Structures are given as C-alpha cells and as structure tokens.
Number of protein chains: 2
Amino acid sequence: MSEASVPPVNERKRGSGVKRVYDVLRDEILDLVLAPGSPIDEIQLAERLAMSRTPIREALVRLASEGLVTTLPNRSTVVANIDFLNLQAFFDALTVMYRVTTRLAAQNRTEENLEMIRARQADFARAVESHDALAMIASNAEFHKAIATAARNPYFAGLANRLLDDGRRLMRVYYSSFGDHLPHCYVVEHEDIIAAIVARDVARADLLATAHADQIVSHIRAVIARDDRLHIDL
Amino acid sequence: MSEASVPPVNERKRGSGVKRVYDVLRDEILDLVLAPGSPIDEIQLAERLAMSRTPIREALVRLASEGLVTTLPNRSTVVANIDFLNLQAFFDALTVMYRVTTRLAAQNRTEENLEMIRARQADFARAVESHDALAMIASNAEFHKAIATAARNPYFAGLANRLLDDGRRLMRVYYSSFGDHLPHCYVVEHEDIIAAIVARDVARADLLATAHADQIVSHIRAVIARDDRLHIDL
DNA sequence: TGCATATTGTTTGTCGACAAGAAATTCGAT
DNA sequence: ATCGAATTTCTTGTCGACAAACAATATGCA
C-alpha cells in the first residue's frame, strides 16, 4: 500500500488511559492545584485529556478508594477535604508509621534500598538548599516512602503512602512556613536516620524516628496555632 | 395509555450496581468461594449479575486498589494470591494494629462504640458455641473492626480492614484447625479486652492486645507448621 | 516430524449514546 | 414581592458496540 498510514500524533497506547488520568488527577490533588472540596466534572476532564468518560470514571473510583476524592451518589465527585478537626489522628498514625517503618528498614534493608534512600535524601537536601518549599515537601514524602519500601511490609507501606499523601496536602497549605534554618535540622535528622538504618541499629532507628515525628508534629502544630490566631483577628 | 407499563421484577435502583458487584465479589473472595489466583471473567460476571460490564469493571478497579484482586494489563484480572512467603510482615502489622487500635479505643470509645463491640463479641461467642468455624472467623474480624472504629482513627481503621480481610482468607485456609477448647480462650481474652476498654485502662488494653496477637500468631504458626510437614510427606 | 509463521478467536480497553436523579430555572398563586 | 410547584437543564450511572491485544489454533516449510 502506497498511502503511509500516518498515525496521529495523539495516538495513545491501549491501557494507558486510566493510568494517565489517575496520575494527572493525583498530582493535581496532592499539589492543591485542585482545591479540597472542589467538584470534578467528568465531561470537562474527558475533553481536557481527549478521551472518553469511561477511563476517567475508573480512575475516579480508584482515587476514591484511596481517600483522595469523595463520590456523592448521583452527584458530583469532589476532591477530598483535608480534615483539620482530626489532626490528632493524623499525628498518632504518622508517629507510629515513622517508628515501625524505620525500625523494619533497619532490620530488612538491602544495598539497593540504601541507594534509593540516599538518592531521595539528596533530592531533599537539594530542595532545601534552593529554598524550594514545594520540592521539599514532595521529596520529603518520597524519602520516607523509600524507607517504607525498605521495611518490606506491604501493610505498613500502604499506610505510609496514605499518610504521606495526606501530609503533602496538609503541609502545602502552610508551605510558606518553611523558613531557612528549620529545614536544615530535618536534613541532619534524615542523615542520622540513614546512619542508623545502615548500621542496622533498630533501637536507634526507633528513637530517631520518634524524635523526627515529634519535630514535625510540633512544627505543624505551631504553624497552625499561628494561623488560627490570624483567623481570629479577621 | 391503557397498557400498564409493568416494571420487570428485576428493576434495580440507579447507583446500586457497582456496590452490588463489589459486595458479592468481596464476599466470595474473602470466603474463598473464588480461589486465590483464579481468573475473573467480566462477561461471565455480567451475565450472572444481569448487568453491563461497566459497573463490573468499576467494582474490579476498587477491589484491585484494596489488594483483593490483581489486574494483569490486557489480560484477565485474577483473585489476589495469599502471600504465604511474607507471613512475618502480616504478623508484624497485625500485632501493631491490635495494639494501637485497642489502646485508642480505650481512650476514645463512646457508649455507642461499646454497644457495637459487645454485639460483635456476642456474635463471636455464639459462633464458638455452635462450633461454626466460618462464622467464628468472620465475627472475630468484625469484633476487631468494631474496636478499630472505636479508636476513631481513619488511618488505623483502613489498616485494620485490610489486615482483617487478609486474615479472614488466611484462617479460612486452615479453618479445620479450630477445635473445641482453643476458641474458648479467645472468648475470654476478648472479654478482658472489652473490660479494659470500658475501664479506659490504656496500659492494660495494650498489654491484652499484645498477648492476644501473640496467641493468634503462635496458633497460626503451629497450624502452618503442621501443614508444612504434611506437604513434605507428600 | 518439528518449528516458525499466519490466522482465528476470545477478552479486555475505550467509545458514544441513552436514561435516571438532582440542581437550577421558570412560572404561578397568594 | 415572595414562596412553592412544575419544568428544564445538566450530570451521573449504565448500556451495547467496536477496536486492540493476547492466546490458541492452523498452516507452511525444512
């Protein structure tokens, strides 16, 4: 056949549709490009991503079961709210998760895991150095996800993913609070944690993870308290 | 119009489709009616439940994100395997989950929670009394889910759901191992746990939860060791 | 006969369309 | 003019159909 069947530039691979929608929506939700509580219109999304509503709905179902969106029956699905009322639950779970994943990482880590953890820590240090608050938040989450992976426990890994995603959104609300010297102590703490994991020192890993969690909790608490006062002033 | 538009008896309410498929499949997977690893045919399911493939696919996506099925791209989705190789991870997570949810339940429970927990414990005792192993397994999971609810922490509740679902499948593999007197000690331990939650005795709740977890872990370990020997004999 | 290739068949991924609910709007009555 | 009811509009939930990808079978060649 002489006619060259030129494939349209927008030709998509089969099966990539759902994953694409999921990735785009997930990023936009975690980066607060989509504000919590804002509705998600399926048709609009379908037009924007140049595909049918079916893959979009399947992506939404997945996001819903991960708690990132809420589907109101027969009504629009909305971006999940950040639950400021139940922050204590978040802090409790975060602390436990940090402790157990860091402990288990010290027990079960491989050389491969260490490489990944060090790479994520390098990303984090770079973000801190260039004062990029958004990159700091994201790379911090990735650092702890790498530790959770090294812990070799899918149940804790799932918990970590959920907590760190919510944490990303939560911190992004207050990202202006990240100043110059405070993040640097996080870098040092991360280095200490890595050292404990390398040395397979479980007790020390637990101790450092607890301290790290406390640090973050009190930081967020301080920022929110300040913010509350501002709200009261209005 | 004279012709009475008789609605077919099978008229379904709008929006109930996905939930129905999800519930049916979930039950069949947890009860091992669908064997781990067996493929799920969408068309067959669509015919069986008298609906289109669309709601079935959405239910499958949800089940996949909860780890109950695995979707092979462009190939059939299969019931998730029970991971016998990584049992240590399951035991680790189960122990931590029991401890934190029971602790938090002792802290945060309401009277309403207590009623629910006692009701589930009554179900469990009834199942033990009538030597119904399948009901025992299910009602035991529901008992601990009620405690997780009383803990008022959605992150731990999610972890508990996942662990208890996997545990239900795991125990059902060995359900013949539940004899006459062993379950009774579980009933007593449950009663002690309830007492600690009622008394808001956090330390004691933690202690009892730890012992309860150890009990279950060693029980399952013993059953599996016996089973392994059988396998070796073949 | 044994292996590589072409063909057929089955199952998934995606699409456009239609019907049911809910929100928004219009209309009417007090 | 305001409140309530009917209608319109808009979005979701479901459906049947088509196309791509994988599996199985059949075909051709050494």
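None of the values given here were measured: they were computed from a predicted structure. Just the heavy atoms: all of them, side chains too, but no hydrogens, waters or symmetry mates, feed the values below. The sequence lines fix the lettering, A, B, ..., with proteins before strands; numbering per chain opens at 1.
Here C/dT14 presents its P atom at 17 Å from CD1 of B/I56, a figure rounded to the nearest Å. Nucleotide D/dA17 holds its P atom 12 Å from the CZ atom of B/R53, rounded to whole Å. Taking atom CZ of A/R20 as the reference point, atom C1' of C/dT14 lies 16 Å away to the nearest angstrom. Rounded to whole angstrom, the span from the CZ atom of A/R75 across to the P atom of C/dA22 amounts to 7 Å. The interatomic distance linking B/D41 (CG) with C/dT10 (P) rounds to 12 Å, in whole Å. Taking atom CD of A/Q44 as the reference point, atom P of D/dC10 lies 14 Å away to the nearest angstrom. Between the CD atom of A/E42 and the P atom of D/dT12 there is a distance of 4 Å, given to the nearest Å. Put simply, CD1 on A/I43 is 12 Å from P on C/dG16, counting in whole angstrom units.
Contact annotation for B/T71: no contact, since no heavy-atom pair falls under 4.0 Å across all strands. Using a 4.0 Å heavy-atom cutoff across all strands shown, A/L60 reaches no nucleic acid atom at all.
Looking at B/R120 and B/D123, a side-chain N of the basic residue comes within less than 4.0 Å of a carboxylate O on the acidic one, giving a salt bridge.
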Go through it in stages, so that I can follow the logic: the residues are B/E58 and B/R62, the test is salt bridge (Lys or Arg N to Asp or Glu O under 4.0 Å), and I'd like the CA-CA distance, side-chain angles, deciding distance and then a yes or no. CA-CA 6 Å; B/E58 294 186 3; B/R62 190 167 156 203; over 6 Å; no
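Both A/T54 and A/N74 sit near DNA chain C, but only A/T54 has its closest nucleotide nearer the 5' end. Of the two residues near DNA chain C, A/V18 and A/P73, the one whose nearest nucleotide lies more 5' is A/V18.
With no hydrogens or angles considered, a side-chain donor-acceptor pair links A/Y155 and B/D166 at under 3.5 Å.
Counting non-hydrogen atoms of other residues, nucleotides and ligands closer than 6.0 Å to CZ of A/R172 gives a total above 12.
Comparing C/dT14, C/dG21, D/dT14 by their nearest atom to the side chain of B/S52 picks out D/dT14.
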